[in-house]
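A quick write-up on the structure given underneath.
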Amino acid sequence: MVTGAAKRLGRAIAERLADEGVHVVLHYHRSRKAAEEASASVSARGVNAWTMAADLGRPEEAEGLADRAWECSGGFSILVNSASIFGKGRLADAPYESFLRHLTVNAWAPLALARAFARKAGAGQIVNLLDARVGGYNFTHAAYFMSKRTLEYITRHLALDLAPDFRVNAVAPGLILPPEGEGPEYLDRLTETVPLKTHGEPADVADAVVCLLKSGFVTGQTLYVDGGRHLRD
Ligand SMILES: NC(=O)c1ccc[n+]([C@@H]2O[C@H](COP(=O)([O-])OP(=O)(O)OC[C@H]3O[C@@H](n4cnc5c(N)ncnc54)[C@H](OP(=O)(O)O)[C@@H]3O)[C@@H](O)[C@H]2O)c1
């Protein structure tokens, strides 16, 4: 199952998994039409695809999603937590609701899904999507970065808790796609901050997910896909 799979990186990961012969449950929240298009693209690769809606900002929906996905697909062995929100706000003045919402969608939901999945599956793999700047500070998206840092901690903790039956890793993308509402000039403006002086593509992130899934002796690891940007934080 891939969460947030209707569009952008989540869709690229779902399609890349399909290219590897993996059947995919595509979770979405609001983007039903896009999820159906992504599902068609996945099944055109010769695997089964299912779409499933859930609001991961509601703890009870996050808790129930793994069971629902399990029932509709007949069981799954890989969970990719890609769904996320990326709200603006400084640490000095971000309201409580914003912190709570970022923590709920970006950290609590991946944990709730991972636990429910682990109970059902008995063995498998989890990949969480972080952010390449998770080790540093971001003054304009404070709640987002706190939630991603929490998810990094959850990744490492679960890697120990769920071993030896599960491997739990993370991919930390850097400059890949502009946030919703921003155009390509957003990427052009920021490539100067990237040591490799370019931005990545969704396929780079999907490749990293597959690389971790295939690396049988790797757990608790974060793979940065950021042209070296994290080295500067
Ligand atoms: N894009 C980048 O360059 C970049 C850089 C650094 C890190 N990342 C990380 O990589 C992952 C994927 O990035 P992205 O740009 O593809 O993400 P995104 O477009 O910002 O969000 C992915 C999906 O999350 C879903 N989502 C949002 N709120 C939700 C909620 N309450 N319940 C359930 N789903 C919800 C949305 O689904 P619906 O559309 O169906 O509502 C959305 O399509 C994220 O975890 C992001 O933080 C991305």
Side-chain angles (χ1 to χ4, degrees), residues 1-16 25-39 51-66 68-69 79-88 97-98 100-110 112-113 126-136 138 141 143-152 154-155 170-182 184 186-187 189-191 193-194 198-206 208-209 222-227 229-230 233:
M1 176 163 68
V2 181
T3 69
K7 300 193 271 185
R8 292 165 56 87
L9 301 191
R11 174 172 173 164
I13 293 165
E15 290 173 339
R16 182 73 173 78
V25 180
L26 297 101
H27 156 268
Y28 67 98
H29 177 213
R30 292 208 169 94
S31 303
R32 186 166 65 85
K33 194 162 174 293
E36 281 163 8
E37 286 165 11
S39 172
T51 57
M52 185 148 292
D55 179 358
L56 299 179
R58 293 171 178 267
E60 66 284 4
E61 288 196 33
E63 308 237 353
L65 176 61
R68 288 169 54 217
L79 168 65
V80 180
N81 283 306
S82 183
S84 163
I85 52 173
F86 180 61
K88 280 195 177 136
E97 290 71 23
S98 172
L100 196 58
R101 187 151 181 79
H102 279 85
L103 281 171
T104 304
V105 176
N106 296 355
W108 172 257
L113 281 166
I126 299 166
V127 179
N128 295 320
L129 272 288
L130 304 179
D131 189 294
R133 300 194 60 197
V134 71
N138 184 297
H141 297 81
Y144 166 81
F145 276 88
M146 281 189 60
S147 67
K148 288 292 184 181
R149 204 175 260 217
T150 304
L151 184 56
E152 182 191 39
I154 288 168
T155 302
V171 170
L175 191 62
I176 310 286
L177 291 175
E180 296 276 10
E182 300 268 9
Y186 176 91
L187 298 179
R189 200 170 64 240
L190 290 175
T191 50
T193 65
V194 179
T198 185
H199 64 83
E201 301 293 337
D204 295 316
V205 175
V209 170
T222 296
L223 180 49
Y224 289 86
V225 183
D226 70 340
R229 178 66 181 84
H230 70 284
D233 272 325

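Each ligand, and each atom within it, is numbered from 1 in the order the structure gives. Computed from heavy atoms alone, side chains included, the values below leave out hydrogens, waters and symmetry copies.
- At least one heavy atom of Arg101 lies less than 4.0 angstrom from ligand 1.
- For ligand 1, the atoms closer than 4.0 angstrom to any heavy atom of Ile85 are 27 (C), 28 (N).
- Judged by distance alone, with hydrogens and angles left aside, the side-chain atoms of Ser147 form no donor-acceptor pair with the main-chain N or O of Asn106 at under 3.5 Å.
- Ligand 1 does not have Ala35 within reach: every non-hydrogen atom of the residue lies 4.0 Å or more from it.
- In terms of polar-atom proximity, defined here as any N/O pair under 3.5 Å, Ala132 makes no such contact with ligand 1.
- Remark: ligand 1 atoms within the under-4.0 Å shell around heavy atoms of Ala54 are 32 (N), 33 (C).
- Close approach of ligand 1 to Tyr28 (heavy-atom distance below 4.0 Å) involves ligand atoms 40 (O).
- Summary of contacts: the protein heavy atom closest to atom 47 (O) of ligand 1 is Tyr144 OH, 2.9 Å.
- The closest protein non-hydrogen atom to atom 29 (C) of ligand 1 is His29 ND1, 3.7 Å.
- Nearest to atom 41 (O) of ligand 1 among the protein's heavy atoms is Arg30 N, 2.8 Å.
- The heavy atom nearest to atom 6 (C) of ligand 1, out of those in Asp131, Asp226, Val171, is found in Asp131.
- Ring geometry for Phe86 against Tyr144 counts as perpendicular: the plane angle is over 60°, on a 0 to 90° scale with 30° as the lower cut.
- Within the 3.5 Å criterion, the main-chain N or O of Ala54 finds a donor-acceptor partner in the side chain of His27.
- A donor-acceptor pair under 3.5 Å is formed between the side chain of Asp204 and the backbone N or O of Glu201.
- Of all the atoms in ligand 1, the ones that sit under 4.0 Å from a non-hydrogen atom of Gly57 are 31 (N).
- Ligand 1 lies less than 4.0 angstrom from a heavy atom belonging to Lys148.
- No donor-acceptor pair closer than 3.5 Å links the side chain of Arg229 to the backbone N or O of Arg133.
- In this structure, His27 has a heavy atom closer than 4.0 Å to ligand 1.
- No donor-acceptor distance shorter than 3.5 angstrom exists from the side chain of Arg32 to the backbone of Thr51, with no hydrogens or angles considered.
- Side-chain atoms of His230 and Asp226 form a donor-acceptor pair, as typed in the model, at a separation below 3.5 Å.
- Shown here, atom 36 (C) of ligand 1 is out of close reach of the protein: none of its heavy atoms lies under 4.0 Å off.
- The main-chain N or O of Tyr28 is never found under 3.5 Å from a side-chain atom of Lys7 such that the two would form a donor-acceptor pair.
- Here the protein heavy atom with the shortest distance to atom 32 (N) of ligand 1 is Leu56 N, 2.7 Å.
- The pair Lys33-Glu37 meets the salt-bridge criterion, since a charged nitrogen lies less than 4.0 angstrom from a carboxylate oxygen.
- With respect to atom 11 (C) of ligand 1, the closest heavy atom belonging to the protein is Ser82 O, 3.3 Å.
- The option from Ser84, Gly4, Ala83 that lies nearest to atom 27 (C) of ligand 1, judged by heavy atoms, is Ser84.
- If you number the atoms of ligand 1 from 1 as listed, the ones under 4.0 Å from a heavy atom of Lys7 come out as 39 (O).
- Taking atom 7 (C) of ligand 1 as the reference point, the nearest protein heavy-atom neighbour is Leu130 O, 3.3 Å.
- Not a single donor-acceptor pair under 3.5 Å links the side chain of His199 to the backbone N or O of Leu187.
- For ligand 1, the polar-atom distance check against Asn81 finds no nitrogen or oxygen pair separated by under 3.5 Å.
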- request: Given salt bridge (charged side-chain N to carboxylate O under 4.0 Å, His left out), test Glu97 with Arg101 step by step and report yes or no.
  value: CA-CA 6 Å; Glu97 290 71 23; Arg101 187 151 181 79; over 6 Å; no
Derivation of the side-chain contact (heavy atoms from CB on, under 4.5 Å) call for Asp55 and Arg58: CA-CA 6 Å; Asp55 179 358; Arg58 293 171 178 267; 3.5 Å; yes
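- Checked by distance only, ligand 1 and Ile176 come closer than 3.5 Å through their nitrogen or oxygen atoms.
- Nearest non-hydrogen protein atom to atom 38 (P) of ligand 1 is Ser31 OG, 3.3 Å.
- Atom 9 (C) of ligand 1 lies below 4.0 Å from at least one non-hydrogen atom of the protein.
- Going from atom CG of Leu65 over to atom CG of Leu113 covers 5.0 Å, rounded to the nearest 0.5 Å.
- The side-chain heavy atoms of Ile126 and Asn128, taken from C-beta on, include a pair separated by under 4.5 Å.
- Of the protein's non-hydrogen atoms, Leu9 CD1, 3.5 Å is the one closest to atom 13 (O) of ligand 1.
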